[in-house]
A.B. asks: 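Dumping the structure here so I can ask a few things about it.
Residue numbers begin at 1 in each chain, while the letters A, B, ... track the order of the sequences. None of the values given here were measured: they were computed from a predicted structure.
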Amino acid sequence: MSLVLYNDLTRTKEPFVPLREGHVGFYSCGPTVYDYFHIGNARPFIVFDVLRRYLEFSGYRVTFVQNFTDIEDKMIARANREGITVRQLADRFIAEYYKDADALGVKRATHNPLATEHMDEIIELVSTLIKKGHAYESEGDVYFDVKSFSKYGALSKQTIDELQAGARIDVTENKRHPLDFALWKAAKEGEPHWTSPWGEGRPGWHIECSAMAMKYLGETLDIHSGGTDLTFPHHENEIAQTEAATGKPFVKYWIHNGYLLIDKEKMSKSLGNFLTARAALEQFPARAIRFFMLSAHYRSPINFSEDSLHQARAAMDRLDNCWSDLRYAIDSRKKGETGEGKELSARFADLEKKFRAVMDDDFNTAGAMGVIFDGVKIINTYLKENEILDMEALRSAENFFVKIDSVMGLLPAEADGGDEEQEIEKLIAERNEARKNRDFGRSDEIRDDLAARGIILEDTPDGTKWKKKA
RNA sequence: GGCGGCAUAGCCAAGUGGUAAGGCAGAGGACUGCAAAUCCUUUAUCCCCAGUUCGAAUCUGGGUGCCGCCUCCA
């Protein structure tokens, strides 16, 4: 059993076989850093983070590259509006990107290259394309000649004529063909520019991904991912540029995530119907957002709503409760040799197999959730039905969660110990003393005070547990 | 016009031939000083029609509805 991925190039699921055994070169299109990213943008960050983690979990060494587009029309417009340089704008929103992505539990990429730091590579790639007759200069601009690349449209499954028929682009530019796209743009007044063989200018949007992907991952990548709206033209153009230059296949597996909808409509900056990840994080716990994103298959559209986030949050609470009950049992409940260790270990080993099976099938995270909650049920029942617990059983359960969570990233961070924790323990002791004396007024007062601080108490036959509200 | 996706219980959502995972919400019960948590029980003729098959949510054809790409967009 091994990983199968849906490849948009062939529109079928294919067994995943990397170019180099044991290693995966994975490029994911990153944000244009002109603003906070919105919750729809967050979807690919989260789902491909999970794919990357799953590959690592499966034993691959993954080189994961995600770029920042830091020079582009919208960057220039916003920087001008704010009276700052494009560089300052980029620095600011790169920092903001990390804040939000970190909060959402997205692992840092191996490399986060910037377009502006790869001008040499970009210029060289454009030069090569001109030399090979796939690109032409026109008044300081350089365009890719789509007619020169016979496979153009292979990813979109459309011919050049079909693509053009629906085209809504104006033909006023210096292009030979309406679908020709800019590799290099001549500098305009007040724009950042770099020196090139075609005069001062800046790169087109698509070329940076090709140049940087090749620099960090070589001429052929294992996986390239992005939102499905990037399929055309961005990824189509990346293929054209790169393959025209190298004569080699650019990417083995193209994968695209479905949209995040809001009110059944695509969330996008241009439609104005977006909620920034920053704003969403103020409203909902980060792990609930992550949970929501992973509760459906990555290729399906998902509808963002307050209700679906509440549902995700409630489900996450169930997982949290189980986890904290388990940890509490390991630390504080009665243990003994009960002979149930083997049985529970076997059941968790079986669940781990199921987890691998569903994830191997095009990383079906929604299926994986089912497996996780099967584990939750087993643990809850075991803890409920037994006075004396078997340490081997508890450890196998803990191990199961830790392993799976290395992929899913849904469990809360470790409690930090420290003064606050000691104070809480003291208050709990005081409250239990009050309860013993049937002084429920005082007892409830302490519980209410702690609740106001986000600390939830639960009385169990083995003592009082506490947890922080998510 | 071309290309593509989706339609499973009140809600979210897995499931590509053998009579439907999981989560949320609801109802009843157990436990509890009260809570909370947990456990048990309970809720689906899988959009419609026709076909293939011993057998279809799953395959084929035809509908209906919703969404998207072909322009910057994750």
A.B. asks: Distance to the ring centre below 6.0 angstrom and angle to the axis at most 45 degrees; does that hold for Arg52(A) and Phe26(A)?
C.D. replies: no
A.B. asks: Describe the nucleic acid contact of His310(A) in one word from base, sugar-phosphate, nothing, applying a heavy-atom distance below 4.0 Å.
C.D. replies: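 Nothing: the residue His310(A), judged by heavy atoms under 4.0 Å, touches no strand.
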A.B. asks: Quick one: label Asp325(A) by what it contacts on the DNA or RNA (base, sugar-phosphate, nothing), any heavy atom closer than 4.0 Å.
C.D. replies: sugar-phosphate
A.B. asks: Reckon Arg318(A) has a side-chain N or O less than 4.0 Å from the OP1 or OP2 of C39(B)?
C.D. replies: yes
A.B. asks: Rounding to an integer number of angstrom, what distance separates A57(B) and A7(B) when you compare their C1' atoms?
C.D. replies: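 Pairwise C1' distance, A57(B) against A7(B), rounds to 11 Å.
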A.B. asks: Can you tell me if the side-chain N/O atoms of Lys269(A) get under 4.0 Å from OP1 or OP2 in A74(B)?
C.D. replies: no
A.B. asks: Both Tyr259(A) and His206(A) contact RNA chain B. Taking the nearest nucleotide for each, which residue is further toward the 5' end?
C.D. replies: Tyr259(A)
A.B. asks: Under the 3.5 angstrom rule, does the side chain of Ser138(A) hit a backbone N or O of Asp141(A) as a donor-acceptor pair?
C.D. replies: no
A.B. asks: Just checking, Lys269(A) and Tyr34(A): is the charged tip under 6.0 Å from the six-membered ring centre and within 45° of the axis?
C.D. replies: yes
A.B. asks: Would Lys13(A) and Asp361(A) pass as an ion pair if we require N to O under 4.0 Å?
C.D. replies: yes
A.B. asks: Any base atoms under 4.0 Å from Gly226(A), or only sugar-phosphate, or nothing? Heavy atoms, all strands.
C.D. replies: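 Touches sugar-phosphate only.
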A.B. asks: Could you give the distance separating A74(B) and U19(B) at their C1' atoms, to the nearest angstrom?
C.D. replies: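 About 41 Å, rounded to a whole number of Å.
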A.B. asks: Heavy-atom distance under 4.5 Å between the side chains of Thr32(A) and Phe93(A), does that happen here?
C.D. replies: no
A.B. asks: Identify whether any heavy atom of Asn41(A) sits under 4.0 Å from a base atom; if not, whether one sits that close to sugar-phosphate; answer base, sugar-phosphate or nothing.
C.D. replies: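 Base, at least one base heavy atom under 4.0 Å.
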A.B. asks: Rounded to whole angstrom, note down the P distance from U16(B) over to A21(B).
C.D. replies: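 So the two P atoms sit 14 Å from each other.
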A.B. asks: Please determine, for G1(B), whether a Watson-Crick or G-U wobble partner exists with both distances under 3.5 Å, and give it or none.
C.D. replies: C70(B)
A.B. asks: Round to a whole Å and report the spacing from NZ of Lys266(A) to C1' of C69(B).
C.D. replies: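 In whole Å, C69(B) C1' lies 8 Å from Lys266(A) NZ.
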A.B. asks: Provide the distance between the two C1' atoms, one in G15(B) and one in U52(B), to the nearest whole Å.
C.D. replies: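 Each nucleotide's C1' atom is 22 Å from the other's.
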A.B. asks: Give me the distance, rounded to whole Å, that separates G23(B) from G33(B) when you measure between the C1' atoms they each carry.
C.D. replies: 32 Å
A.B. asks: Hey, does the side chain of Asn364(A) come within less than 4.0 Å of G15(B)'s phosphate (OP1/OP2), counting only N and O?
C.D. replies: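 Looking at the OP1 and OP2 atoms of G15(B), one of them is under 4.0 Å from a side-chain N or O of Asn364(A).
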A.B. asks: Among G23(B), C73(B), A74(B), which nucleotide has an atom closest to any side-chain atom of Trp205(A)?
C.D. replies: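 Within the option list, the nearest is C73(B).
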A.B. asks: Please state how far atom CG in Leu163(A) lies from atom C1' in C70(B), giving the value in whole angstrom units.
C.D. replies: 6 Å
A.B. asks: Phosphate oxygens OP1/OP2 of A14(B): is one of them under 4.0 Å from a side-chain N or O of Ser300(A)?
C.D. replies: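 So the side chain of Ser300(A) is within the cut-off, an N or O lying under 4.0 Å from OP1 or OP2 of A14(B).
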A.B. asks: May I ask you to say what Ile372(A) touches in the nucleic acid, namely base, sugar-phosphate or nothing, with a heavy-atom cut-off under 4.0 Å?
C.D. replies: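 The answer is nothing, as Ile372(A) stays clear of every strand by at least 4.0 Å.
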A.B. asks: In terms of side-chain geometry, is the basic nitrogen of Glu208(A) or Arg202(A) positioned less than 4.0 Å from the acidic oxygen of its partner?
C.D. replies: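 Result for this pair is no, no salt bridge flagged.
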A.B. asks: Which whole-number value in Å describes the distance from Asn303(A) CG to C67(B) P?
C.D. replies: 11 Å
A.B. asks: Base, sugar-phosphate, or nothing: which does Ser295(A) touch, judged by heavy atoms less than 4.0 Å apart?
C.D. replies: sugar-phosphate
A.B. asks: Rounded to whole angstroms, how far apart are CG on Asn7(A) and C1' on G4(B)?
C.D. replies: 15 Å
A.B. asks: Base, sugar-phosphate or nothing for Leu457(A)? Non-hydrogen atoms, less than 4.0 Å.
C.D. replies: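 Base: the residue Leu457(A), judged by heavy atoms under 4.0 Å, touches a nucleobase.
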A.B. asks: Between A74(B) and Asn257(A), is there an OP1 or OP2 to side-chain N/O distance shorter than 4.0 Å?
C.D. replies: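 Answer no for this pair, as no side-chain N or O of Asn257(A) is under 4.0 Å from OP1 or OP2.
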A.B. asks: Pick base, sugar-phosphate or nothing for Pro233(A), based on heavy-atom distances below 4.0 Å to the nucleic acid.
C.D. replies: sugar-phosphate
A.B. asks: Measure from OH on Tyr34(A) to P on A74(B) and round the result to the nearest Å.
C.D. replies: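 Interatomic distance, OH of Tyr34(A) to P of A74(B): 6 Å.
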A.B. asks: Send over the distance from Leu260(A) CG to G68(B) P, rounded to a whole Å.
C.D. replies: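 Taking CG of Leu260(A) and P of G68(B), I get 13 Å after rounding.
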A.B. asks: So does Lys354(A) get a side-chain nitrogen or oxygen closer than 4.0 Å to the phosphate oxygens (OP1/OP2) of G22(B)?
C.D. replies: no
A.B. asks: Across the strands shown, which category fits Ala296(A) at heavy-atom distances under 4.0 angstrom: base, sugar-phosphate, nothing?
C.D. replies: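 Since only primed, P, OP1 and OP2 atoms lie under 4.0 Å of Ala296(A), the category is sugar-phosphate.
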A.B. asks: Is the cationic atom of Arg299(A) (NZ for Lys, CZ for Arg) positioned less than 6.0 Å from the six-membered ring centroid of Tyr6(A) and within 45 degrees of its normal?
C.D. replies: yes
A.B. asks: If you look at every strand shown and take non-hydrogen atoms under 4.0 Å, does Glu385(A) touch a base, only sugar-phosphate, or nothing?
C.D. replies: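 If one applies the 4.0 Å heavy-atom cut-off, Glu385(A) turns out to touch nothing in the nucleic acid.
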A.B. asks: Taking only the side-chain heavy atoms of Gln158(A) (C-beta and beyond), determine which of A74(B), A13(B), C3(B) contains the nearest atom.
C.D. replies: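 So the nucleotide nearest the side chain must be C3(B).
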A.B. asks: Check for a donor-acceptor pair, side chain of Glu243(A) on one end and backbone N or O of Ala240(A) on the other, with a separation under 3.5 Å.
C.D. replies: no
A.B. asks: Using the C1' atom in both, what is the distance from U58(B) to C6(B), to the nearest Å?
C.D. replies: 15 Å
A.B. asks: Please measure how far the P atom in C47(B) lies from the corresponding atom in A14(B), and state the result in whole Å.
C.D. replies: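 It works out to 14 Å between them.
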A.B. asks: Starting from P on G23(B), measure out to NZ on Lys377(A) and report it in whole angstrom.
C.D. replies: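 Taking atom P of G23(B) as the reference, NZ of Lys377(A) is at 6 Å.
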A.B. asks: Counting Watson-Crick and G-U wobble pairs only, both distances under 3.5 Å, name the nucleotide matched with A50(B), or none.
C.D. replies: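 The answer is U60(B), by the H-bond criterion.
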A.B. asks: Would you kindly give the CD-to-C1' distance between Glu445(A) and C34(B), to the nearest whole Å?
C.D. replies: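 After rounding, the gap between these two atoms is 16 Å.
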A.B. asks: Please determine if a side-chain N or O atom of Arg11(A) lies less than 4.0 Å away from the OP1 or OP2 oxygen of G4(B).
C.D. replies: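 Yes.
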A.B. asks: Quantified in whole Å, what is the C1' atom distance between nucleotide G18(B) and nucleotide G4(B)?
C.D. replies: 32 Å
A.B. asks: Which of parallel (below 30°), tilted (30 to 60°) and perpendicular (above 60°) describes Phe144(A) and Phe181(A)?
C.D. replies: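 Rings of Phe144(A) and Phe181(A): parallel, under 30°.
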A.B. asks: Of Ser156(A) and Thr228(A), whose nearest nucleotide on RNA chain B comes first from the 5' end?
C.D. replies: Ser156(A)
A.B. asks: Classify Phe440(A) by what it touches in the nucleic acid, base, sugar-phosphate, or nothing, heavy-atom distance under 4.0 Å.
C.D. replies: base
A.B. asks: Does Lys384(A) reach a base, just sugar-phosphate, or nothing at all? Heavy atoms under 4.0 Å.
C.D. replies: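 Base contact.
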A.B. asks: Looking at every strand, decide which applies to Lys465(A) at a 4.0 Å heavy-atom threshold: base, sugar-phosphate, or nothing.
C.D. replies: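 No contact.
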A.B. asks: Once you apply a heavy-atom cut-off of 4.0 Å, does Arg431(A) come out as touching a base, just sugar-phosphate, or nothing?
C.D. replies: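 Base, at least one base heavy atom under 4.0 Å.
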A.B. asks: May I ask you to verify if any side-chain N or O of Trp466(A) is less than 4.0 angstrom from the OP1 or OP2 atom of A36(B)?
C.D. replies: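 No, Trp466(A) has no side-chain N/O under 4.0 Å of OP1/OP2 on A36(B).
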